[in-house]
Amino acid sequence: MIRKYWWKILSFVLLVYTCTYGFYVKVPRLDDRMKESIRNFFFHVPMWFTMMILLLVSMIYSIRYLRNPSQKNDAYAVAFASTGVIYGILGLVTGAIWANYQWGSPWSGDPKQNGAAIAMLIYLAYFVLRGSLNEDDKKGRISAVYNIFAFFMLFPTLWILPRLTESLHPGGEGADGNPGINGKDMDVQMRTVFYPAVIGWTLLGVWISTLKIRYSLLAEKKYNND
Amino acid sequence: MIKMRLFITAILSVMISIVAFAQENTSDIGLMRSNGKIFVVMAVVLTILIGLFAYLISIDKKITRLEKEGSNQ
């Protein structure tokens with residue numbers, strides 16, 4: 001995957017498509033409160049989808065590290081986690097911008113906003129934990145265990161708790177559907193932009209992560225040679 | 001390889017089929033000034049996207065060169 005480049009081109013094509021057709025596609029008016037800002041579905045929501053995919057990959061590499069403690073597995077886990085967190089922060093910021101004009105304030109303590117912020121803090125603790133350990137072996141093992149825990153904290157913070165209470169996001173108590181995408185809000189034409197967008201952003205995240213991985217493996221090699 | 005081609009063809013075919021939607025008359029003011037100048041925003045976003053990708057490609061190339069130098073030693 002790292003050496004081939006067709007998926008990098010695919011990522012570019014999909015994102016150019018998202019950023020052109022995403023502005024052009026006819027969007028549903030619903031009750032007309034969203035107006036054109038409904039197009040944020042193509043940009044804000046894929047951030048979270050991509051974050052979850054990248055963090056899932058990171059967790060898989062942490063499990064692999066515990067089974068086979070190689071430097072490569074550790075590098076993969078860290079790189080995917082940090083790219084995932086970057087996407088999460090972008091998701092929070094884009095959400096705040098959207099919320100400012102849709103809900104009246106950038107942060108209204110919505111359960112999903114709070115949950116996402118907590119999830120990000122849990123992941124930031126992962127990097128603090130790594131930074132505080134000097135021994136490579138210990139750092140790898142402890143942070144791998146923590147990373148697996150952190151991934152499973154995404155379930156309550158992003159998916160379960162926001163559904164149990166009133167939420168401004170789609171899918172809170174009293175509303176039906178998925179809190180990520182509400183089936184009623186997205187019509188067929190929006191889906192033709194939304195899913196390519198998710199794939200495009202995910203491939204871009206994988207690309208950035210592989211650059212980080214290759215850099216850290218090179219740095220390690222150089223460190224060992226000197 | 002075949003899987004990859006199928007994947008790309010599937011995605012491209014989805015895109016081509018929908019270009020047929022949403023056509024409007026833009027002959028008077030030109031494309032960039034139509035629809036509340038939304039295409040100006042599109043141009044800005046595209047510029048950012050292309051710039052970021054160009055930057056990524058250049059980093060990718062630099063790392064590839066370092067990897068090749070490392071394997072030659």
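The sequence lines fix the lettering, A, B, ..., with proteins before strands; numbering per chain opens at 1.
The distance from the OG1 atom of B/Thr64 to the CZ atom of A/Arg214 is 4.0 Å, given to the nearest 0.5 Å. Taking CG of A/Leu218 as the reference point, atom CD of B/Glu69 lies at 9.5 Å (rounded to 0.5 Å). A/Leu204 CG to B/Leu52 CG: the interatomic distance, rounded to the nearest 0.5 Å, is 8.0 Å. Interatomic distance, B/Ile38 CD1 to A/Glu36 CD, rounded to the nearest 0.5 Å: 6.5 Å.
Taking A/Leu217, A/Ile208, A/Val16 one by one and counting their heavy-atom pairs under 4.5 Å with chain B, the maximum is reached by A/Val16. Per-residue counts of heavy-atom pairs under 4.5 Å with chain A were compared for B/Val45, B/Leu56, B/Ile48; the largest is that of B/Leu56.
Heavy atoms of B/Leu46 lying under 4.5 Å from chain A belong exclusively to its side chain. At a 4.5 Å heavy-atom cutoff, the contact between B/Ile50 and chain A is made by backbone and side-chain atoms alike.
Side-chain contact between A/Trp207 and B/Asp60 is present, with at least one heavy-atom pair separated by less than 4.5 Å.
Ring planes of B/Phe39 and A/Tyr24: tilted class, angle from 30 to 60°.
A 6.0 Å sphere centred on OH of A/Tyr146 holds more than 12 heavy atoms belonging to other residues, nucleotides or ligands. For A/Phe127, the CZ atom sits in a packed shell: over 12 heavy atoms of surrounding residues, nucleotides or ligands are nearer than 6.0 Å. Other residues, nucleotides and ligands contribute over 12 non-hydrogen atoms within 6.0 Å of the NZ atom of A/Lys139.
Residues B/Met42 and A/Thr20 share a closest heavy-atom pair of CE-O, 3.0 Å.
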Check residues 58-68 of chain A and write down every donor-acceptor pair under 3.5 Å in which the side-chain atom is one partner and the other belongs to a residue at least two apart or another chain.
from: A/Ser58; atom 1: OG; to: A/Ala77; atom 2: O; distance (Å): 2.8
from: A/Ser58; atom 1: OG; to: A/Asn147; atom 2: ND2; distance (Å): 2.8
from: A/Ser62; atom 1: OG; to: A/Asn147; atom 2: ND2; distance (Å): 2.8

